[in-house]
*Asks:* 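Pasting in a structure now, in structure tokens, and then I'll have a few things to ask.
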Amino acid sequence: MGRVQTFDTDEVVRAVRALFWERGFEGVSVPDLETATGVGRSSLYHAFGSKRGLFDAAVRSYLEEVVRPRLRPLTLDPVDPGALPAYLHGVRTVLAEGRAPALRSGCLLLNAATSPIGRDEAVAGAVLGYRAELHTALARGVAAHLPGLPAEEAAQLATLCTATVLSAMVLARVDPAEAARTVDAALALLRARLSPGAGSRP
């Protein structure tokens, strides 16, 4: 008979996600994973294959439970005109309040990108996929917020907003206040684009 799993997979993945998010892949040992989950090594490996399998599950969980819920208003059809500034305000609030893991640990995927595991092809692909997903969502937000903006300018603004969010999440690890100010700059730019004479054309 096969081994009967006695733990909740989602709970285990969330526990290891928090650990990888805080310390990075290389900073987490198998005993750390056992302690965080309350599950023995053999059971973890039977369910996930390896420490790397646990990390991959943590990345999927991060995207599904952390990233995509915040992006969801920017993926609706139609996108509300206020969805983009609302998203940026939400990011800024997380950084400014300092209660969420984003402030203490930045972004799980961006942290991986700047560590040795970031050289792994699959991990690099996940990071690039995250960036593309973020850019697509923010581009839809730009289009809804500034419908009269020429396509080239809209594309540039979406790229700038994407870079702002990514850089703010990196800065959050070392200077949360500066990370929040980085997002403030993007919000100020959006307000300026809405002002009369800002250069957008109907």
Side-chain angles (χ1 to χ4, degrees), residues 21 24 59-60 62-96 100-103 105-115 117-202:
W21 197 347
V59 168
R60 291 191 294 271
Y62 177 76
L63 290 169
E64 288 297 327
E65 296 187 1
V66 178
V67 172
R68 289 176 182 141
R70 287 189 174 275
L71 290 178
R72 190 161 293 125
L74 294 162
T75 66
L76 300 176
D77 191 16
V79 176
D80 187 275
L84 177 58
Y87 169 79
L88 292 174
H89 276 295
V91 171
R92 196 234 185 264
T93 298
V94 167
L95 298 175
L103 180 72
S105 304
C107 167
L108 174 63
L109 281 163
L110 296 180
N111 295 347
T114 56
S115 67
I117 199 173
R119 293 191 288 269
D120 180 274
E121 184 176 349
V123 173
V127 173
L128 291 174
Y130 163 57
R131 189 267 175 196
E133 188 171 345
L134 177 63
H135 184 271
T136 297
L138 297 185
R140 297 185 84 242
V142 168
H145 190 62
L146 297 165
L149 202 62
E152 184 176 353
E153 292 181 42
Q156 291 172 348
L157 186 54
T159 297
L160 181 60
C161 287
T162 302
T164 296
V165 171
L166 296 179
S167 63
M169 297 310 294
V170 173
L171 278 170
R173 292 177 65 87
V174 295
D175 193 339
E178 185 59 33
R181 286 191 289 270
T182 300
V183 180
D184 285 339
L187 286 163
L189 181 60
L190 289 180
R191 288 193 295 271
R193 296 302 302 175
L194 283 174
S195 300
S200 60
R201 294 186 290 273

*Asks:* Within the side chain of Arg140, is there an N or O that forms a donor-acceptor pair under 3.5 Å with the backbone of Leu76?
*Replies:* yes

*Asks:* List in chain and number order the residues that pass side-chain hydrogen bond (donor to acceptor under 3.5 Å, both in side chains) with Glu65, two or more places apart in sequence or in another chain; answer none if no residue qualifies.
*Replies:* Arg14, Arg17

*Asks:* Over all heavy atoms of both residues, which pair between Gly106 and Trp21 is shortest? Give the atoms and the distance, please.
*Replies:*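 In this case the closest contact between Gly106 and Trp21 is O-NE1, 3.1 Å.
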
*Asks:* Please check if the side chain of Thr136 supplies one atom and the backbone of Glu133 the other of a donor-acceptor pair under 3.5 Å.
*Replies:*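 Flag not set: sc Thr136 to bb Glu133 has no pair under 3.5 Å.
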
*Asks:* Look only at the side chain of His145 and the backbone of Gly82, and say whether a donor-acceptor pair between them is shorter than 3.5 Å.
*Replies:* no

*Asks:* Mind checking the CG-CG spacing from Leu146 to Leu84? Nearest 0.5 Å is all I need.
*Replies:*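 Going from CG on Leu146 over to CG on Leu84, the span is 8.0 Å.
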
*Asks:* Got a second to check how far Leu171's CG is from Leu95's CG, nearest 0.5 Å?
*Replies:*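 If I round to the nearest 0.5 Å, the distance is 9.0 Å.
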
*Asks:* Considering non-hydrogen atoms only, spot the tightest contact between Tyr87 and Arg70 and give its length.
*Replies:*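 Minimum heavy-atom contact is CD1-O, 3.5 Å.
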
*Asks:* Ignoring hydrogens, what is the shortest heavy-atom contact between Val123 and Ala112? Give both atom names and the distance.
*Replies:*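 Taking every non-hydrogen atom into account, CG1-CB, 4.1 Å.
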
*Asks:* Might you point out which heavy atoms bring Pro73 and Ala83 nearest each other, and give the distance in Å?
*Replies:* O-CB, 4.1 Å

*Asks:* Would you call Leu134 and Val67 a side-chain contact if the rule is heavy atoms closer than 4.5 Å?
*Replies:* no

*Asks:* Rounded to the nearest 0.5 Å, what separation is found between the CG atom of Leu128 and the CD atom of Glu121?
*Replies:*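 One finds 10.5 Å between CG of Leu128 and CD of Glu121.
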
*Asks:* To the nearest 0.5 Å, what is the distance between OH (Tyr130) and CG (Leu108)?
*Replies:*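 It is 10.0 Å, given to the nearest 0.5 Å.
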
*Asks:* Return the CG to CG distance between Leu71 and Leu138, rounded to the nearest 0.5 Å.
*Replies:* 6.5 Å

*Asks:* If every non-hydrogen atom of Gly118 is compared with every non-hydrogen atom of Ala124, which pair is closest and at what distance?
*Replies:*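 Closest pair (atom of Gly118, atom of Ala124, distance): O-CB, 3.7 Å.
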
*Asks:* State the CG-NE2 distance between Leu160 and His135, to the nearest 0.5 angstrom.
*Replies:*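 Going from the CG atom of Leu160 to the NE2 atom of His135 covers 10.0 Å.
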
*Asks:* Scan for side chain to side chain donor-acceptor pair (under 3.5 Å) pairs involving residues 176-187, sequence neighbours excluded, and state none if there are none.
*Replies:*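 For residues 176-187: Arg92-Asp184, Glu178-Arg181.
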
*Asks:* Quick check: closest heavy atoms across Ala186 and Leu88, and the distance to 0.1 Å?
*Replies:* CB-CD1, 4.3 Å

